[in-house]
Amino acid sequence: MKKISLIFGVTGQDGSYLTKLLLKKGYIVHGVKRRSSSLNTHRIDDIYQEPFTHKKNFILHYGDITDGTSIFDLINKIKPDEIYNLAAQSHVAVSFKIPEYTSNADALGALRILESIVKINPKIKYYQAGSSEMYGKIQSFPQNEKTPFYPRSPYAVSKVYAHWITVNYRESYKIFACNGILFNHESPLRGETFVTKKIVKALCKIKNKKQKKLYLGNIYAKRDWGHAQDYVEAMWKILQYKKPEDWVICTGKQYSVKQFINLVSKKLNLKIFWRGKGLHEKAYNEKKQKIIEIKKEYFRPAEVDNLKGNSNKAKKYLKWKPKKDINYLIQDMINYELNELKNGK
Ligand code: NAP
Ligand code: GDD
């Protein structure tokens with residue numbers, strides 16, 4: 001009997017990689033996409049449209065994480081063995097602009113799925129996509145499963161709710177519900193407005209004379225960046241472990257946004273030098289043209305300055321560790337962007 005999985009957020013970066021992983025492992029994968037006026041399936045079109053092979057093992061449904069009825073009906077109809085809740089308004093800066101919607105989707109979305117599991121079949125395993133953003137104003141360094149949360153955005157506060165309601169349903173109803181606390185993970189499929197994708201895309205275009213400038217916010221924030229492909233493997237391992245627990249997933253290495261820019265520039269053989277401070281800091285190319293500027297508009301009302309994780313628990317018990325380092329990640333993202341440019345995109 002093939003295992004059945006249900007992925008909320010299947011059209012996102014992680015949803016796409018996780019679908020491919022689960023299909024490879026022989027699962028039947030059901031994915032929930034939300035209605036939008038323009039197509040939102042570009043990250044999964046390659047596997048969805050492929051005839052005869054994956055098609056019958058990969059089924060898409062309309063649904064929305066803010067709509068309890070659709071969630072209940074889908075779980076009731078599909079009867080999955082495993083549910084991965086990756087659906088979220090996942091942009092931290094945007095969460096300050098649409099805090100109520102973010103809370104509805106990111107916090108209550110988890111509750112809606114958990115309630116459905118308890119009512120329909122308490123044996124269904126549940127993965128909640130938690131975030132290192134929950135550590136926010138960090139209380140210890142590096143962060144592990146015991147580090148207290150101090151969220152700094154409506155997004156992070158919502159994820160803290162989702163984390164604790166997952167723990168609460170696990171303890172109250174003895175269901176197999178787990179939290180992954182994942183640090184930043186990127187890939188060629190990363191959303192265009194997250195900082196790594198924005199940097200790689202812009203610098204590739206600047207190198208090819210298709211763009212003149214890149215505007216950024218706080219380039220001194222530090223992050224622990226991994227590759228999404230490694231991280232979806234951890235999600236799956238979390239649900240295969242003998243008992244339901246919470247897990248930190250990270251690389252244990254940290255770079256600032258500015259260091260990330262310098263690494264990308266170096267790989268592109270784009271010589272840049274920095275001048276100025278604060279909002280006046282700028283990067284110039286060899287011809288002394290300004291190619292990067294700092295804009296107040298990209299700063300957040302409250303920032304998360306310093307994230308670096310410790311995933312020793314996952315290493316020891318899940319036998320998980322990241323396989324791809326920052327150099328691989330950047331090269332992978334650059335290759336994708338250069339190919340897009342070659343194809344006129
Ligand atoms: P992403 O690319 O933004 O994908 C989010 C997914 O959620 C998309 O499929 C999106 O649909 C869907 N979605 C948004 N609102 C929805 C709604 N109301 N109903 C149903 N689906 C909805 O995010 P990601 O990077 O893959 O991350 C996956 C999950 O992990 C998210 O919950 C994120 O918060 C969390 N997380 C991410 C990271 C990271 O560094 N990537 C780290 C820690 C935790 P559309 O395609 O239609 O927009
Ligand atoms: N997006 C963005 N755009 N960020 C910028 C910019 C810019 O122009 N300039 C500087 N930054 C800084 C942000 O202020 C932040 O400190 C850092 O770059 C990373 O920003 P993002 O790439 O937007 O990611 P994030 O860390 O806020 O959130 C991501 O990772 C979380 C895990 O820690 C998202 O994927 C979240 O969904 C995820 O939970």
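Everything numeric here is computed off the predicted structure, so don't read it as measured data. Indexing begins at 1, ligand by ligand and atom by atom, following the structure's order.
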Query - Atoms of ligand 2, numbered as shown, that sit under 4.0 Å from any heavy atom of V92 - result: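 Going through ligand 2 atom by atom, the ones under 4.0 Å from V92 are 27 (O), 28 (O).
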Query - Interfacing atoms of ligand 2 (cut-off 4.0 Å, heavy-atom, S131) - result: 31 (C), 32 (C), 33 (O), 38 (C), 39 (O)
Query raised in the report: Mind checking whether V160 and L114 sit in one hydrophobic cluster, side chains of I, L, V, M, F, W, Y counted as touching below 4.5 Å?
Result: no
Report task. Consider only side-chain heavy atoms of I, L, V, M, F, W and Y, link residues closer than 4.5 Å, and tell whether L341 and Y336 are in one cluster. Result -> no
Query raised in the report: Short question: side chain of D106, backbone of Q89 - any donor-acceptor pair under 3.5 Å?
Result: yes
Requested in this report: State whether the side chain of K288 and the backbone N or O of N285 hold a donor-acceptor pair below 3.5 Å, judged by distance alone.
Outcome: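 No.
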Taking only heavy atoms of [X], which atoms of ligand 1 are found under 4.0 Å from at least one of them?
X    : value
N40  : 47 (O)
N184 : 40 (O)
S90  : 1 (P), 3 (O), 23 (O), 33 (C), 34 (O)

Query raised in the report: Just distances here: any N/O of Y101 and N/O of ligand 1 closer than 3.5 Å?
Result: yes
Query raised in the report: Between K33 and ligand 1, which residue portion shows a heavy-atom distance shorter than 4.0 Å: side chain, backbone, both, or neither?
Result: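 Within the 4.0 Å criterion, K33 makes no contact with ligand 1.
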**Report entry** T196 N/O under 3.5 Å from ligand 2 N/O
**Finding:** no
Query raised in the report: Which residue owns the protein heavy atom closest to atom 23 (O) of ligand 2, what's the atom, and how far is it?
Result: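 Its nearest protein heavy-atom neighbour is R300 NH2, 2.8 Å.
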Query raised in the report: Any heavy atom of Y155 sitting closer than 4.0 Å to ligand 1?
Result: yes
Query - Distance, nearest 0.5 Å, that separates OH of Y161 from CG of L108 - result: 5.5 Å
Query raised in the report: On the ring face of W320, is K315 found with NZ or CZ under 6.0 Å from the centre and within 45° of the axis?
Result: no
